[in-house]
Colleague: 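Once you've had a glance at the structure underneath, I'll fire off some questions.
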Amino acid sequence: MAFLGVQPGAGIEILMDLLGFRQELAGARLVITGEGSLDAQSLHGKAPVGVTGAAGTQGVPVVAVAGRTQLSVEQLRGAGIQARRPAPLRSRRWIPARAADGPSRPGRRSAGRRPAGRDR
């Protein structure tokens, strides 16, 4: 990296600077952020914790939406996340990938049928 003149840094910090995120926080009353998984890696520079840090400097509370959470309440609060909510479940209904054009070639045999074992 030194050869290229690049300084290491968290990607979320660079992205927030490019987007003017801190300026957009002015007047905000709540920030909602999300991640597929809130886990130990999240505490080391992933987007939700970076967003939470920026919001915290301006006193804006943060709620995180995640598919799964492996962090304790204490860890979440330590990162500045006041609350977390599970991501909404996807519909159990089977929909072909290209519904408008009909099923793709591999799916022709099962078109219109739900996967085995699904009642709803």
Side-chain angles (χ1 to χ4, degrees):
M1 290 192 323
F3 173 75
L4 298 173
V6 176
Q7 302 236 338
I12 187 60
E13 292 296 327
I14 295 166
L15 189 58
M16 287 190 303
D17 287 345
L18 288 171
L19 296 173
F21 182 77
R22 288 171 182 83
Q23 293 79 8
E24 293 293 328
L25 281 171
R29 296 187 334 192
L30 176 70
V31 170
I32 300 172
T33 186
E35 185 77 55
S37 177
L38 284 171
D39 52 32
Q41 287 183 340
S42 301
L43 300 175
H44 301 287
K46 288 175 80 177
V49 174
V51 166
T52 300
T57 63
Q58 297 191 32
V60 180
V62 176
V63 173
V65 177
R68 71 180 184 161
T69 303
Q70 295 182 328
L71 299 175
S72 68
V73 172
E74 293 80 20
Q75 288 173 307
L76 290 169
R77 294 229 170 102
I81 297 172
Q82 284 78 21
R84 66 136 180 104
R85 298 286 181 254
L89 296 175
R90 292 183 182 163
S91 169
R92 296 177 129 222
R93 173 183 249 171
W94 180 79
I95 300 172
R98 295 178 58 184
D101 300 331
S104 63
R105 184 167 299 253
R108 287 188 198 279
R109 287 180 296 186
S110 63
R113 287 189 277 160
R114 294 182 185 154
R118 300 252 173 127
D119 295 332
R120 295 185 181 167

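Fair warning: this is a prediction, and the values are worked out from it, not measured in the lab. Below, each value reflects all heavy atoms present in this structure, side chains not excepted, and no hydrogens, waters or symmetry copies.
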Colleague: Among all residues two or more places apart in sequence or in another chain, which pass the side chain to side chain donor-acceptor pair (under 3.5 Å) test with Glu74?
Modeller: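 Here the qualifying residues are Ser72.
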Colleague: Which donor-acceptor pairs under 3.5 Å do side chains of residues 45-62 form with protein atoms, sequence neighbours excluded?
Modeller:
unit_1 : atom_1 : unit_2 : atom_2 : d
Thr52  : OG1    : Pro48  : O      : 2.6
Thr57  : OG1    : Ala54  : O      : 2.7
Gln58  : NE2    : Arg22  : O      : 3.0

Colleague: Please round to the nearest 0.5 Å and tell me the distance separating atom CZ of Arg77 and atom CG of Leu71.
Modeller: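 Rounded to the nearest 0.5 Å, the CZ-CG separation comes out at 13.0 Å.
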Colleague: Please answer: with hydrophobic residues joined when any side-chain heavy atoms are less than 4.5 Å apart, are Leu76 and Leu43 in the same cluster?
Modeller: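 Cluster IDs for Leu76 and Leu43 match.
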Colleague: Going by the salt bridge (Lys or Arg N to Asp or Glu O under 4.0 Å) test, which pairs reach into residues 51-64, not counting sequence neighbours?
Modeller: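 Qualifying pairs, neighbours excluded: none.
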Colleague: Show me the side-chain donor-acceptor pairs of residues 24-35 shorter than 3.5 Å, one per line, residues at least two apart or across chains.
Modeller:
none

Colleague: By side chain to side chain donor-acceptor pair (under 3.5 Å), which residues pair with Ser37, not counting sequence neighbours?
Modeller: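 In terms of side chain to side chain donor-acceptor pair (under 3.5 Å), with neighbours along the sequence ignored, Ser37 is linked to Asp39, Arg68.
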Colleague: Hey, any chance Phe21 and Ile12 share a hydrophobic cluster, counting ILVMFWY side chains that come within less than 4.5 Å of each other, even indirectly?
Modeller: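 Yes; Ile12 is reachable from Phe21 via cluster members.
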